[in-house]
2 protein chains.
Amino acid sequence: MKNTPVTIKDIARSLNISISTVSRALRGMQEIHPDTRRAVMQLAEELDYQPNQLAKNLAKSRTKTIGVIVPNLSYHYFSAMLNSIEEAALQAGYSVLVCQTNESYLRETTNIQNLLRSQVEGFIISLSRDTDNYEHVERLVRKNIPLVLFDRYAESIDVSKVIVDNHAAAFKATEHLIENGCRRIGFLAGPTQLVLSNQRVAGYRAALTKHGLSIGDQYVFHCDYTQENTIIQTLALMSLPQPPDGIVVISDRMAYSAMYALKQKGMRIPEDVAIVSFNNEPVSALFSPTLSSISQPIQEMGTETVRLLLRELNATDTAIPKETKVMETQLIVRASSMRR
Amino acid sequence: MKNTPVTIKDIARSLNISISTVSRALRGMQEIHPDTRRAVMQLAEELDYQPNQLAKNLAKSRTKTIGVIVPNLSYHYFSAMLNSIEEAALQAGYSVLVCQTNESYLRETTNIQNLLRSQVEGFIISLSRDTDNYEHVERLVRKNIPLVLFDRYAESIDVSKVIVDNHAAAFKATEHLIENGCRRIGFLAGPTQLVLSNQRVAGYRAALTKHGLSIGDQYVFHCDYTQENTIIQTLALMSLPQPPDGIVVISDRMAYSAMYALKQKGMRIPEDVAIVSFNNEPVSALFSPTLSSISQPIQEMGTETVRLLLRELNATDTAIPKETKVMETQLIVRASSMRR
DNA sequence: GTGAAAGCGCTAACAA
DNA sequence: TTGTTAGCGCTTTCAC
């Protein structure tokens, strides 16, 4: 027995008033007679009336909704960002529609399309790993649809974005290893199309150069994000004729795999190999040894991302200049890198 | 410069045909003249026409959307379930609207309300930790709105659900510890209002009883899900006059904290204390020592959950009997519990 | 094969 | 303070 939901028309009919009066009463407009309002409210309550959001949005041509597209919510970083974005959005009276790309370019395009069809008023996107063609997001820009990128962005797209200073962070992490006595430092990077990964590699190189420790490209290994592959790359790195005594890893998740591989090989962390990575996931504080990691100000990043989006959402007709917010990171030093 | 999206009306006007013809052409109906269809399609493509989903849904009084409410997507279990639910739903032509409760009863009720207003056709819910009043979900049942619960359910609600055999799983885990020589086994449980936690405690007790090892309630400690609290409870457990030589922990996440605390105290795992927990998160295979854990068939659970929901969604008028699907779990034995 | 018209549930002028 | 009317963008009879 499918139930037909109650509408304002039902309320109007049984109260013998017009539907606009009901609408007004329900929305708490001033000009309504207290008695009328009371009657409407009471009946609505009794019938457990739920306004039809579709109709409401259609009528107002306004959804107060923003679309959020992330690679995968099972990465702690993204689910944490989602929480902070949702919170900030809610505060501004917006609700959020979330989609995952599962790192697929194709799903990214269909997600954008679906959200567009759902009339979201703006987008917050972190690009998928496989995305190397930006036509779909550039189209949003051209159409003047408010959009903010975070974390996974691309240089060539002219949009507002919230990122961290990846170069500086990697520099800091690498220098930290150097200060702890490491002399041959390796890097476990992400896929080469990830801007973020390349920036971190650059920061790592800069630190090595500064300290006169420059070594060849063979100390940088690129992994996809799987455990298996990370383990393989780690072992490959350690099989170099002169294996590293320190490794910067591009994510905690990958560092867990790397550390597992190292321990399997009987290497001690940090004595034989020191480790620093990125993200500072909660589990990193519990790992053995506890993992030194670059922490990103997730809370603030979410707030900033939403702020930048609201700025475009509320912009008057003229196109406003894009803004890039670069956040500072913090190195959380734990056991995995403390050699002295 | 806010852009006015193109509508079928625009297409109709510039092609000098009626909007119903455009509508039909766009939906690929048979009766349309090939030439007309081609013209419409081409113009739609050119203008990057995106159908307004709100209008579509409103007109058809059908959204083909299901609402999913989970405690928190940053728990691996829930984001994994979401992925598997989404996949199954997509396959059946449904899209998914996700909400998080952050373990709050209040947000659970507002989430339900919002999804109702968004005209979702059915719900998949995993109750929040703080939920101990079920009126809000019972109301859905009364209204005959298709609903399936998974993982976090309540006995008293008469709905279809997908769960694992928690009693059997805990029994299996406990017995495994016993077989590995543990004689005083503790239990780090969740909050007492969690059905799932209580069932696991019961399974644990049953195993102890079977093996003549029954011990008092003082070996069961209840934690909230935070790291701090878990560490405190673990230390409390180990401070008993006769500390346990084995611990069953209700989640991997909590086990990480417990193991951290144990290692801090200088205890060896599994030699001094063996550990088994629940969820088999990917990280558990990398932890030191690797963590023995009860694995749930997440993929299958997602599929089943959607299947049960579709069953209600497609049901003819008569109320169909609720179905409870109890899934089997698997104990993945790793180093944390292998003492022989 | 195509068009006119009504309607999905609601909001928003404009009158009264 | 309330009602009437016209949409929002689309689907769906029902004619032609």
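Order of the sequence lines fixes the chain letters, A, B, ..., with proteins taken first and strands second; residue numbering starts at 1 for each chain.
Here the nucleotide nearest the side chain of Ala55(A), chosen from dC10(C), dG9(D), dT11(C), is dC10(C). In this structure, the nucleotide among dC8(C), dT11(C), dT11(D) sitting nearest to the side chain of Ser61(B) is dC8(C). With dG9(D), dT1(D), dC10(C) as the choices, the nucleotide that has an atom nearest any side-chain atom of Thr36(A) turns out to be dT1(D). The listed nucleotides are dC10(C), dT2(C), dG7(C); the one nearest the side chain of Thr21(B) is dT2(C). The side chain of Leu58(A) lies closest to dG9(D), out of dG9(D), dT2(C), dC10(D). Comparing dG3(D), dG9(C), dC10(D) by their closest approach to the side chain of Ile17(A) singles out dG3(D).
Place Gln53(A) and His33(B) on DNA chain C by their nearest nucleotides, and His33(B) ends up nearer the 5' end. Checking Asn16(B) against Ser23(A), the closest nucleotide of DNA chain C that is more toward the 5' end is the one next to Asn16(B).
Among the heavy atoms of the strands lying under 4.0 Å from Ile8(B) is at least one base atom, whether or not backbone atoms are also near. Leu54(A) comes within 4.0 angstrom of no nucleic acid atom, judged by non-hydrogen atoms across all strands. Nucleic acid contact class of Ile32(A) (heavy atoms, under 4.0 Å, all strands): sugar-phosphate only.
Ion pairing between Asp151(A) and Lys161(A) fails under the 4.0 Å rule for side-chain N and carboxylate O. Using a 4.0 Å cut-off between charged nitrogen and carboxylate oxygen, Glu108(B) and Arg152(B) do not count as a salt-bridge pair. A salt bridge links Glu135(A) with Arg142(A): the closest approach of a Lys/Arg side-chain nitrogen to an acidic carboxylate oxygen falls below 4.0 angstrom.
Following rounding to the nearest Å, Arg27(B) (CZ) and dG1(C) (C1') show an atom-to-atom distance of 14 Å. Atom-to-atom, CG of Asn52(B) to C1' of dG7(D) comes out at 14 Å; the value is rounded to the nearest Å. As a whole-Å value, the separation of Gln30(A) CD from dT1(D) P is 9 Å. Per the geometry, CZ belonging to Arg24(A) stands 10 Å off C1' belonging to dT11(C), to the nearest Å. Counting to the nearest Å, the C1' atom of dG3(C) and the CD1 atom of Ile11(B) are 17 Å from each other. Between Asn57(A) atom CG and dG9(D) atom P the separation is 13 Å, expressed in whole Å. Following rounding to the nearest Å, Lys60(A) (NZ) and dC10(C) (P) show an atom-to-atom distance of 13 Å. In this structure, the CD atom of Gln50(B) is 11 Å from the P atom of dC10(D), given to the nearest Å.
Between dG9(C) and Thr7(A), no contact under 4.0 Å exists linking OP1 or OP2 to a side-chain N or O. The phosphate of dG9(D) has neither OP1 nor OP2 within less than 4.0 Å of any side-chain N or O from Tyr49(B). Contact annotation: Lys56(A) does not reach the phosphate of dC8(D) (side-chain N/O to OP1 or OP2, under 4.0 Å).
Annotation: Glu300(A), atom CD; neighbour count of heavy atoms from other residues, nucleotides and ligands within 6.0 Å does not exceed 12. At most 12 heavy atoms of other shown residues, nucleotides or ligands fall within 6.0 angstrom of atom CD in Glu45(B).
On a pure distance criterion of 3.5 Å, no polar donor-acceptor pair joins the side chain of Arg37(B) and the base of dG1(C). Judged by atom type and distance alone, Arg117(A) does not reach the base of dG9(D) through any side-chain donor-acceptor pair under 3.5 Å. Side-chain N/O atoms of Ser20(B) and base N/O atoms of dA4(C) include a donor-acceptor pair closer than 3.5 Å.
Using cut-offs of 30° and 60° for the angle between ring planes, the Phe150(A) and Tyr77(A) rings count as tilted.
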